[in-house]
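What follows is one structure encoded as structure tokens, with my remarks underneath.
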There are 4 protein chains.
Amino acid sequence: MRIVIKNGTVVTTEGVFSADVVIDGETITAVGANIAKDYEKTAQETVNAAGMYVLPGAIDPHTHIAMPFMGTSAQDDYKTGTIAAACGGVTCLVDFELQQKGESILGGIERKISWAEGKAAVDYSLHPAIMDPRPEIIDEVKKAIRDYGTPSFKVFFVYDFRVDDAVLIKLLAETKEHGGLVQLHAENPYIIQHMNEVLAKQGKLEPYYHAKSRPNIAEAEAVHRAITMTELTDSRIYIVHLSSMEGLAEIQTARDRGIAVYSETCPQYLLLNEDRYKEPDWNGAKYVMSPPLRTKESSDALWKGLRFGDVQVVSTDHCPFDFKGRKDMFGKEDYKKIPNGAPGVETLLMLLHSEGVVKGRISLRKMVDVLSTGTARMFGLTKKGSVTPGKDADLVVFNPNQKFVITQKKLHQNVDYTPYEGMEVTGMPSKVYSRGLKVAEWKNDHMEFTGETGRGRFVKRAPFEGF
Amino acid sequence: MRIVIKNGTVVTTEGVFSADVVIDGETITAVGANIAKDYEKTAQETVNAAGMYVLPGAIDPHTHIAMPFMGTSAQDDYKTGTIAAACGGVTCLVDFELQQKGESILGGIERKISWAEGKAAVDYSLHPAIMDPRPEIIDEVKKAIRDYGTPSFKVFFVYDFRVDDAVLIKLLAETKEHGGLVQLHAENPYIIQHMNEVLAKQGKLEPYYHAKSRPNIAEAEAVHRAITMTELTDSRIYIVHLSSMEGLAEIQTARDRGIAVYSETCPQYLLLNEDRYKEPDWNGAKYVMSPPLRTKESSDALWKGLRFGDVQVVSTDHCPFDFKGRKDMFGKEDYKKIPNGAPGVETLLMLLHSEGVVKGRISLRKMVDVLSTGTARMFGLTKKGSVTPGKDADLVVFNPNQKFVITQKKLHQNVDYTPYEGMEVTGMPSKVYSRGLKVAEWKNDHMEFTGETGRGRFVKRAPFEGF
Amino acid sequence: MRIVIKNGTVVTTEGVFSADVVIDGETITAVGANIAKDYEKTAQETVNAAGMYVLPGAIDPHTHIAMPFMGTSAQDDYKTGTIAAACGGVTCLVDFELQQKGESILGGIERKISWAEGKAAVDYSLHPAIMDPRPEIIDEVKKAIRDYGTPSFKVFFVYDFRVDDAVLIKLLAETKEHGGLVQLHAENPYIIQHMNEVLAKQGKLEPYYHAKSRPNIAEAEAVHRAITMTELTDSRIYIVHLSSMEGLAEIQTARDRGIAVYSETCPQYLLLNEDRYKEPDWNGAKYVMSPPLRTKESSDALWKGLRFGDVQVVSTDHCPFDFKGRKDMFGKEDYKKIPNGAPGVETLLMLLHSEGVVKGRISLRKMVDVLSTGTARMFGLTKKGSVTPGKDADLVVFNPNQKFVITQKKLHQNVDYTPYEGMEVTGMPSKVYSRGLKVAEWKNDHMEFTGETGRGRFVKRAPFEGF
Amino acid sequence: MRIVIKNGTVVTTEGVFSADVVIDGETITAVGANIAKDYEKTAQETVNAAGMYVLPGAIDPHTHIAMPFMGTSAQDDYKTGTIAAACGGVTCLVDFELQQKGESILGGIERKISWAEGKAAVDYSLHPAIMDPRPEIIDEVKKAIRDYGTPSFKVFFVYDFRVDDAVLIKLLAETKEHGGLVQLHAENPYIIQHMNEVLAKQGKLEPYYHAKSRPNIAEAEAVHRAITMTELTDSRIYIVHLSSMEGLAEIQTARDRGIAVYSETCPQYLLLNEDRYKEPDWNGAKYVMSPPLRTKESSDALWKGLRFGDVQVVSTDHCPFDFKGRKDMFGKEDYKKIPNGAPGVETLLMLLHSEGVVKGRISLRKMVDVLSTGTARMFGLTKKGSVTPGKDADLVVFNPNQKFVITQKKLHQNVDYTPYEGMEVTGMPSKVYSRGLKVAEWKNDHMEFTGETGRGRFVKRAPFEGF
């Protein structure tokens, strides 16, 4: 089947230009100025994209679909999660697979693929998160990269399942040898433990103190230490959900010295600040996530980091829990008992466009880079992330002028709130394609899912090529 | 006329992929996987690029064609200079127009265009260099940007025609308002004057002391000061021919703070070091240029700067003087009398590929970025710099395996030496296209010019869009 | 004549200890635990200092006695100025001698000594300020150091009489060779000129815009440039009246690299902030000085700088103009017409003790260091600055508990206001000695001058020894 | 008993001046210009110190007397160790008391005092080293400070008995509250473990690889982490035996930000470099200590650190093991089996004077600061460290011109080698006094012990007062 998208404005990281795009089956086959005329006759469908951007679908490389955590589970499963993604213009997820105690990471990958079977509406891949780093697990890294196509491995410096420097060093050395990339949740656990004790003594247990319990230096210290280990092994590292200006400063200094440190941030760290935790009626619990929201100074710094290339990726850390029933399931007395996480996969693209591009903080090219092209390169998604012949036809025909007031009622995420409730955005997807199939479409005042659950495929990724 | 380049490996900053490229007249019209079959029938020529890269032509944004300097003139005129460019895969120059005392910069632009008339073999544009900054000249900035399409303006912190901070500030404010970009030759003149006096007293006048007379901190100080003025005016600046690790460090620190500082370096600073000045038989004079060659530490830092994006462009500062007859025309007794400059436009691409890509210092994508795509974006060459539909068909079909021993005998630059004599490179252009016309081609053991002088056009450039 | 000061608490930079001090004639001859008994019999006077500190007299190395400036003159002459000093516990001034156009600096020194003749109540020395840097003036540096005992030389980066980098370099080299020290007023004149133009265009001419016209980066740039020249010549430099955190940061970075940069700040930069310029009734004019008052962030940083040793000296930049009659003599319409300067010599010690020591920002030892011992060392006042045998008996018996509400009515400075009007301090001199003579004393509710004008002597200073 | 030391040149951190010093019993009672005449008659002894310096005795705050370590023990006991100290001009030690598993630190203090009983020839104090940080041990901190006079507490980030960040945080908070100071051995154990494995795989086990197994970044990372914890708790910290430029840089940056980080280095890091490990005949083992010797760049940086005040103390880490019999007791096959440590207490002062002062790296005042005055202030030795009335008469009459070729044969340390064998120094003690008793004296060509073992006393120290 051939589709021709004509008269649109194609956006790549190189530039913004008028071109027609030809899709044959699941693949982009040609991009050309006024080539629609050469292909329309043989096309099953022609889309007139006049006034629209033709963007590569966004990729969200940080989701927690159905993740068991803090005594409960993140609520979206592969069905609801990927429908929400599709409706937001996200055509690929790289989801976390959390290794269970005693489990092999390879087994974990297979287990999580089985959870997705028959459910996913868009393509997905997995990052194994190493939570039980027995020696034989380190040996699985090579196999995971070569046979399973999962070259990125997450570890945590916090939580019960944290790793110490020794494991990080081994993993950095092993991934370097075989073409992998370590992803790190960078916070210092002892600082948090200390602050938890100090705050408990002072009786400070409201949601706001979640932020105080994890100060910026807890992130900066962990980032600095990880950089030292990266330098030691001459490897590379990727810091997930970077939140603080101090953490960013460590990354900048390291990159200036030539150390290969990469990072992602999330819309919540770019757009929301710690005053949110003080919202009345325990509303602050909605924003309880780790790392916590910071001050505006950090948000401003992170936008700069994106602009100047020290932060390469924007992800969501999508991990929704209902405000009523889940966030409060262990009581409202202590911030430490609130399940950490918030929804975000569906609002990623609209927020980056409206708050980033429309407000002049980043260019349109940069948006495509941090949501699609750069993300694909970072994680070896060789068929994704660009409106280029040969790539998968994962595309968003995007209407830059469409207004939308974000409200949970019109979203598809399986959760009872959105942190962005009531915020008006400018620019929404008009049509979203996943490998040539239109999976979502703007209808009157909201996005409608038009795809098929179960069509989304697990994507094997290529080894890390260097960024 | 239609040309189809098929089976090649297209390189963009986004990726490296198999695609056919269709040229109609002077323009790239389509890029597609296996689309040759759809266009070959209607093509006048089909080029089989199997095993070849299809690159955007390189852009050299720093040449001194026929520049009067230090009592003599740079030797290449627009004919010899652009033939050399074409043979090296450089399909566009942005040459400097040096305003003369009392002259208007607009008049200067017209004068230099008249020098090029009937001579240029590839397209070119001009940067006005402001050397007599009378108040009314600042007022010409707007007109130069809007009417003449020359949005970049060079000033010098050294030489008799240097500007002071006051002029720089005015120019930064003015260019910001109208979409221009200031380019700065950043060295501190008083440091050089002091070192000249110190060295003269010590009788140290051999070519080697040219390097000692312009220490790294002379560049770093000037860069730092320029950054302050950029911060003051919330404008942006571009440092030409960055040479030292200390200068780069200032740029990195400023960019980390969110100040819009851009820079270029040149192959000589990446590949040659100050020990060259000690070559016997006064050979060091060949490398007398400003800023001078530095130590390997600076070269290593500059490669890092390219890799991590703190340096965005590689240019040549092409400014050739014959070793015999010109370099020595004022005597061999004093480094200060040696005309400053060296040839480079023809060897730019081959050196970056062989020393950069083949040796693993930068990726192929990064090479295309710093030689073409990034350069075009920096300087508003909206029709140049990328293998994308709608762009001018300025292309290089590049054979990555072709060996070549660089020797002046086989080059086209109008000068009696090359700094790279005897160096073997891997990878040479096979065919070079300028707006659809094949202007150079590999024949047996060298490049042959196949274009037409006089066909090259002056290109109006767009205002600075942000990088 | 012998005086014994017994039972006091002697303060040196090494420590705080109980000791008796013996003065013979003009000199401290012995310091000992319980030695009063050995000397009292032969003493003409015994002072019981129980409950008091015995401090070295403060040294103010930055005053402008009777300085012609901006069309008027600083109001204190050597009589009123040194009486005020004595009453504030300042027993030595190093005043600026401003070379006039065409004058030799040696002639200038002699001229200013003649102004002091018969007037000075405490000892003083002079820093020649080089304002007409003809080549022969540089040659006078050696003579000034060796024959006149004035080894410190001030230059300005601002004002009509400013020097360029070339003069600074020469002076740095020359002072290094002969044991001198360059003092720099570090602001960038072009930034100020630019801001003056911008503010004039916007009609912003109230006193507050004096601060805006001289932004922090104007100081930081000048400091950075001076550091480069210091590194170039392997010399040392001293930044006068450091005011901004950005300027301090440049100094810290340089010192971390081993470059000999020293600095002083003043009580106004430690204690007053730019909101003062907004006081009603044009009151802000009282604080118009250069550099201007900054924000609290800078004040906090400067206290840190003192604590950690990156700032070595506190001076006053004493330069008083009456609020009524002088500050407004050229009109109130434009901040640029307000004579720059404020009084301070009399309040130096009380402010540092009360706001510094009592409030825990610096230790008592550190106060003595930055007001006396360090100042003496910096400027070669080998007989001053410490309660040590062999030093001049310039001493303050200080009552740490005496309260005083600062008011111009009770001060001796020849000016109609003090910037600290109404501020209560804790701790005041009880008795002040200049070379063994009691020159001031606390009486009821104020200080009373008890010395002799004309007794103060010009002090030849030793070459810079390294700090 | 009264002793008068006359005609000498007294050195304090404030200055160098001619004065006579009066000692009554164990205490300095008076310092004065020409006061000998007032006291000689009543003196039992008059020492003519013409041409000599009168220095405060050096304090070595880092010794390991009789320390059990790595299966053996440091060889000097309190008798031999303090005789060596006295002969080197060291009149006070602060020795480490290493808490044993299960022991209380208070018990440890008492145990080690009992080891010293009847043996010490000079005064000493103890730092408890916390090696078994049970919760109740943290509670002992207050008692150790208030009742035992030991306000400094050492912890290690390496070795089996290392502490984690949690213990460090607790200790920083506790010491801040009660007037203590944490001392840290700062190396990252995981980096060392990794390098040990890498080197073992490569068969690199000679002494030189001891240095490679503990790279500079292992120190820098640990210092950085400790700084973070200090910032978290708003406490202060003291880094022992700082060895690397990277570690120093972390300290400088922290101090520039106002964080109270202090440090000591040792003569071996200032004077010896890692090429020593390559000496033939396994001689490199003599220098096996942790941290290891570094390159000259680090030594140069550490001298700068002393000069600019970022390093406040020079200690020795005195911990001798015989080259024959101890260093090799577990074989010569593996650097990991060599007992770590080297002698140094006796050569401290002579090296600092000869290599520091005579070679112009530090001033005489600075030497006194880092060996005596600053050390006493850092560790609360309120009666030590300065030639000031009221202090203990711990003095060195020092002959700045006396040459001495260092050789183990003429030293008193109980070990068969010195790392400085054959080095000639300029300047040696002439007479050494401990609380008024002459404990050592230069005789012909070496120092002779003239004191009494058992006279040395345990000194209770005051809480940390701020530096």
Side-chain angles (χ1 to χ4, degrees), chain C residues 10 12-22 24 27-35 38-39 42 56 248-249 251-253 255-261 300-301 303-305 307-310 360 362-363 365-366 368-369 372-374 376-377 382 385-391 465-467, chain D residues 10 12-22 24 27-35 38-39 42 56 248-249 251-253 255-261 300-301 303-305 307-310 360 362-363 365-366 368-369 372-374 376-377 382 385-391 465-467:
Chain C
V10 172
T12 74
T13 62
E14 294 204 338
V16 179
F17 55 95
S18 300
D20 305 329
V21 177
V22 181
D24 284 312
T27 307
I28 300 166
T29 46
V31 178
N34 298 313
I35 61 169
D38 303 322
Y39 292 93
T42 54
L248 175 59
I251 290 174
Q252 290 173 324
T253 303
R255 290 173 60 84
D256 290 348
R257 293 173 52 222
I259 302 172
V261 194
D300 290 348
W303 281 115
K304 266 182 213 167
R307 233 169 15 245
F308 282 84
D310 289 317
I362 55 172
S363 68
R365 286 186 291 102
K366 178 58 87 177
V368 162
D369 198 11
S372 304
T373 316
R377 184 181 308 130
T382 52
S386 177
V387 184
T388 299
K391 300 277 180 191
E465 67 166 276
F467 196 83
Chain D
V10 171
T12 74
T13 62
E14 295 205 337
V16 178
F17 55 98
S18 299
D20 304 329
V21 177
V22 180
D24 283 314
T27 307
I28 299 167
T29 45
V31 179
N34 298 312
I35 59 167
D38 302 322
Y39 291 93
T42 53
L248 175 59
I251 289 174
Q252 290 174 324
T253 303
R255 290 173 59 86
D256 291 349
R257 292 173 53 222
I259 302 171
V261 194
D300 290 349
W303 281 114
K304 266 182 213 167
R307 238 178 1 254
F308 283 83
D310 289 316
I362 54 172
S363 68
R365 284 185 292 102
K366 179 58 86 176
V368 162
D369 198 11
S372 304
T373 316
R377 185 180 309 129
T382 52
S386 178
V387 185
T388 298
K391 300 277 182 191
E465 67 166 279
F467 196 82

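Just so it is clear, the values below take in all heavy atoms, side chains as well, and ignore hydrogens, waters and symmetry mates.
Neither the backbone nor the side chain of I362(D) comes within contact range of chain C, judged by heavy atoms closer than 4.5 Å. Contact of T388(D) with chain C is made through the side chain alone, with heavy-atom distances under 4.5 Å. Using a 4.5 Å cut-off between heavy atoms, T373(C) touches chain D through its side chain atoms alone.
Atom CG of D369(D) is separated from atom CD of E14(C) by 8.0 Å, given to the nearest 0.5 angstrom. Once rounded to the nearest 0.5 Å, the distance linking CZ of F308(D) with CD of Q252(C) reads 13.0 Å.
Remark: D310(D) engages R255(D) in a salt bridge (charged side-chain N to carboxylate O under 4.0 Å, His left out) (not counting sequence neighbours). In terms of the side-chain hydrogen bond (donor to acceptor under 3.5 Å, both in side chains) criterion, residue partners of D38(C) (sequence neighbours excluded) are, by chain and number, Y39(D).
With chain D as the partner, the residue from I28(C), T12(C), D256(C), D24(C) showing the most heavy-atom pairs under 4.5 Å is D256(C). The candidate from G32(C), S18(C), S363(C), G374(C) with the greatest count of non-hydrogen atom pairs under 4.5 Å with chain D is G32(C). Most heavy-atom pairs under 4.5 Å with chain C, from the set V22(D), I35(D), I251(D), T13(D): that is T13(D). Among G390(C), S386(C), A19(C), the residue making the largest number of heavy-atom pairs under 4.5 Å with chain D is S386(C). For the options G15(D), A33(D), A301(D), G385(D), heavy-atom pairs under 4.5 Å to chain C are most numerous at A33(D).
Between R365(C) and E465(D) there is a salt bridge, since at least one side-chain N of the basic residue sits less than 4.0 Å from a carboxylate O of the acidic one.
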